[in-house]
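Numbers restart at 1 for each chain; the letters A, B, ... are given by sequence-line order, proteins then strands.
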Amino acid sequence: MHALKVTRAEDFPEWYQAVVRDADLAELSPTRGCMIIKPWGYGIWERIQGELDRRIKAAGCENYYFPMMIPLSFIAKEAEHVDGFAKEMAVVTHHRLKAVDGTLKPDPDAELTEPLILRPTSETIIGDAFSRWIKSYRDLPLMLNQWANIVRWEMRTRMFLRTAEFLWQEGHTAHADKAEAISETMRALEMYRAFSEDFLALPVVAGEKPENERFPGAVSTFSIEAMMQDGKALQAGTSHYLGTHFAEAQNIRYQDKDGGMTLAHTTSWGVSTRLIGGVIMTHGDDDGLRTPPALAPRQVVIVPMLRGKPEDDDLKAYCASLAAELGALNVFGAPLRALVDVKDARPADKRWDWVRRGAPLICEIGPRDAAGGQVTFIKRNALREGEKVKSHTLSRADFVAQADVLLRGMQKELFNEAKARLDGNIRDGFANFADLERYFGEDKEGEFKGWARVHWAKPTGAALEEVGQRLKALKLTIRNAPLQQPASFGACIFTGASAVEEILIARSY
RNA sequence: CGGGGUGUAGCUCAGCCUGGUAGAGCAUUAGCUUUGGGAGCUAAGGGUCGCGAGUUCGAAUCCCGCCGCCCCGACCA
């Protein structure tokens, strides 16, 4: 009997919804397409923020904050950018409500002279500021980041993966020349790769997006792609080299050493609460989430087996001192986060709540453990042996001494498990498009297909458009061209011509 | 935004075809029992049946309109 009502094999989308709800991560809000992020889910986001913010600052960026509302005219400044975002924009048009026939409506006399849009991203309003802040080569490079909420009016929403409002971090930088801007673009990409793999235990493939998948207005777009347990790809982070597109549109120029006016080269990069969806679909099992220890808001949860008897006090004291002892330890470069769950509920219910949330180590301590100086615990990443829950017992001293090793080991085990799935499910050997059609065309519902690694001649324009259409018929997209490329290439699977690049093709979220 | 499904207690759902103003299990609350592990018994609380208009003496049920959610598609960092 599993802790969730639906298993991954039965119905993956339903299972995903069940984890989000039963692990107490988030719920739907009365506002269409938006979610309420609950404490365990938000705690995970705070951990992401804390660690990534440290890495962003270590790279020399500073944080700042721009308004959530952007004048409508700003978004029109970069042509491709408009095309990319115009269709999913929330627009603020009035500044006052009025009761009309008993219902509150926007007051017709309070219409804004210029509507405001809720930011779908901030390139335009930040570019405007950059144009004022950057006067001289001495002002460069300018490297800034903001943590913010974003609004995109999506037609179809899914919790954490695509919601009308989401939380993210957007870095924006300006540089004197192309080489330096590209180097910053790659630095951010590598920062995301390392962060995902080390901290989220989420193995990814870093690479460059094809022309048709670029960010609107970018010269080149790079991504990290992760493989979910249903074989689909999830774009988990992006980094863009924007060239001088936004600099031209918004007049971001600096006076160089020779006194001439030169356009700056800009970049932007971001990750969002979508990462949490990626963690769920990578590490979740039929008992709920398995939160990687480095990421978990609580790494060790202690459930005292209280029985409403006098010895409960001794048991509570034992658990409290154990938690204090654990809290004095350092794991993953920070104090260990331990909690004694003293909520007045049945111990078994509390145990399963923490199993669903995915607390890495769940200690169940009864009077006998306390008397014997022991700790009985379960490891969430390897919860069961067969159908049965497997529990372990150590002396208290050994448990405290090994907590660090246990948590680090679990982090590694989760990563290795996901890494093996990623590496083991990227298929090679597609000689031509017909091979690809044969493999991806004949599928049963819910069948695991993984990704395809193929060679192509990297067509552009109309020819690329056609490639996109052919893939679309198989519900496939090009994910990226991995940074690590082979020494030589075979034939392009689309045209038969000599290939110039290796790319990953997959179904995606 | 197109196709399909769905909306009844906190959750999962029955009732709807064949109108007579609500049911089960789990959860919640209380009491008793139980206690090395998702407990048992007893009792109680909880629903303007998604919203609005209509037919009718009477609508969860029939008709019309709208909305939300889920899946597929289109779209999309």
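- Here the C1' atom of nucleotide B:A74 and the CZ atom of A:R507 are 17 Å apart, to the nearest Å.
- Across all strands shown, A:Q17 has heavy atoms under 4.0 Å from sugar-phosphate atoms exclusively, and none from any base.
- Using C1' as the reference atom, B:A44 and B:G50 are 29 Å apart when rounded to the nearest Å.
- The pair A:R21-A:E27 does not meet the salt-bridge criterion, since no charged nitrogen lies less than 4.0 angstrom from a carboxylate oxygen.
- Below 30°, between 30° and 60°, or above 60°: for A:Y192 and A:W269 the angle between ring planes is above 60°, a perpendicular geometry.
- Separating the CG atom of A:N212 from the P atom of B:A77 is a distance of 11 Å, rounded to the nearest angstrom.
- In this structure, A:P367 reaches the bases: a heavy-atom distance under 4.0 Å links it to at least one base atom across the strands shown.
- Atom P of B:C67 sits at a distance of 15 Å from the matching atom of B:C51, rounded to the whole Å.
- Put simply, CD on A:Q235 is 5 Å from C1' on B:A77, counting in whole angstrom units.
- Across all strands shown, A:K350 has no heavy atoms under 4.0 Å from either base or sugar-phosphate atoms.
- When the nucleotides B:U12, B:G38, B:C76 are ranked by their closest atom to the side chain of A:A348, B:G38 comes out on top.
- Applying the 4.0 Å criterion to OP1 and OP2 of B:G38, one finds that A:K5 has every side-chain N and O outside that range.
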Show, in sequence, the C-alpha distance, side-chain angles and deciding distance for A:E170 and A:R119, and conclude whether the salt bridge (charged side-chain N to carboxylate O under 4.0 Å, His left out) test is met. CA-CA 12 Å; A:E170 52 180 325; A:R119 63 180 160 219; 5.1 Å; no
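- Separation of the C1' atoms belonging to B:A22 and B:A39 is 31 Å when rounded to the nearest angstrom.
- Summarising the geometry, the separation between CG on A:L242 and C1' on B:A77 is reported as 13 Å, rounded to the nearest angstrom.
- Backbone-only contact: A:P13 has heavy atoms under 4.0 Å from sugar-phosphate atoms and none from a base.
- Pair assignment for B:G20 gives B:C57, based on Watson-Crick or G-U wobble hydrogen-bonding distances that are each under 3.5 Å.
- Of the candidate nucleotides B:G38, B:C69, B:C76, B:G38 has the atom nearest to the side chain of A:R384.
- As the counterpart of B:A77, no nucleotide is assigned, since no Watson-Crick or G-U wobble pattern has both distances under 3.5 Å.
- When the side-chain nitrogen and oxygen atoms of A:R346 are compared with OP1 and OP2 of B:U34, none of them lie within a distance under 4.0 Å.
- Each of A:R380, A:R384, A:R356 was checked for a salt bridge (Lys or Arg N to Asp or Glu O under 4.0 Å) with A:D285, and the lone residue meeting it is A:R380.
- With hydrogens and angles disregarded, a donor-acceptor distance shorter than 3.5 Å links the side chain of A:Q250 to the backbone of A:T124.
- A:W153 comes within 4.0 angstrom of no nucleic acid atom, judged by non-hydrogen atoms across all strands.
- Checked by distance alone, A:R162 brings a side-chain donor or acceptor within 3.5 Å of a matching partner on the base of B:C76.
- Comparing B:C70, B:A77, B:G68 by their closest approach to the side chain of A:T238 singles out B:A77.
- Heavy atoms of A:G33 sit under 4.0 angstrom from primed sugar atoms or phosphate atoms, though from no base atom.
- At whole-Å resolution of the value, OH in A:Y509 and P in B:G73 are 11 Å apart.
- For the P atoms, the distance linking B:U48 with B:U8 amounts to 13 Å, nearest Å.
- Note on A:R47 versus A:E51: no salt bridge recorded, every NZ/NE/NH1/NH2 to OD/OE distance being 4.0 Å or above.
- Relative to the side chain of A:F215, the nucleotides B:A77, B:G37, B:C76 differ in distance, and B:A77 lies closest.
- When distances run from any side-chain atom of A:P216 to the nucleotides B:G37, B:A77, B:G38, the shortest one goes to B:A77.
- Comparing A:E170 and A:E364 by the nucleotide of RNA chain B that holds the closest heavy atom to each, the one mapping nearer the 5' end is A:E364.
- Looking at the side chain of A:R32, the nearest of the listed nucleotides B:A74, B:C69, B:A77 is B:C69.
- Across all strands shown, A:S391 has no heavy atoms under 4.0 Å from either base or sugar-phosphate atoms.
- Between B:C1 and B:A74, the two C1' atoms lie 8 Å apart (nearest whole Å).
- If you take atom C1' in B:G20 and the same atom in B:A59, they sit 10 Å apart, rounded to whole Å.
- Comparing B:C71, B:C69, B:G38 by their closest approach to the side chain of A:W352 singles out B:G38.
- At the heavy-atom level, A:R356 lies under 4.0 Å from base atoms of the strands shown.
- Within the 4.0 angstrom heavy-atom criterion, base atoms lie near A:G270.
- With both pairing distances under 3.5 Å, B:G46 is matched to nothing as a Watson-Crick or G-U wobble pair.
- Comparing B:A77, B:C75, B:C71 by their closest approach to the side chain of A:K472 singles out B:C75.
- Across B:U12 and B:C17, the matching C1' atoms stand 24 Å from one another, rounded to whole Å.
- For the pair A:E88 CD and B:A77 P, the interatomic distance rounds to 7 Å; values are reported in whole Å.
- A:D369 comes within 4.0 angstrom of a nucleotide base, judged by non-hydrogen atoms across all strands.
- When all heavy atoms are compared, the tightest approach of A:R357 to A:A23 is CG-O, 3.3 Å.
- Using a 4.0 Å cut-off between a side-chain N of Lys or Arg and a carboxylate O of Asp or Glu, A:E190 and A:R193 qualify as a salt bridge.
- The nucleotide B:C51 finds its pairing partner in B:G65, both defining distances of the Watson-Crick or G-U wobble pair being shorter than 3.5 Å.
- The gap from the C1' atom of B:U42 to that of B:G68 amounts to 40 Å, rounded to the nearest Å.
- Ion pairing between a basic and an acidic side chain is recognised when a charged N comes within 4.0 Å of a carboxylate O; A:R396 and A:E325 show such pairing.
- Summarising the base pairing, B:A39 is matched to B:U33 through a Watson-Crick or G-U wobble pair whose two defining distances lie under 3.5 Å.
- Both A:A236 and A:C34 sit near RNA chain B, but only A:C34 has its closest nucleotide nearer the 5' end.
- As rounded to whole Å, 17 Å separates atom P of B:U35 from atom CG of A:L315.
- Between the C1' atom of B:C76 and the NZ atom of A:K209 lies a distance of 11 Å, rounded to the nearest Å.
- When the side-chain nitrogen and oxygen atoms of A:K475 are compared with OP1 and OP2 of B:G73, one or more of them lie within a distance under 4.0 Å.
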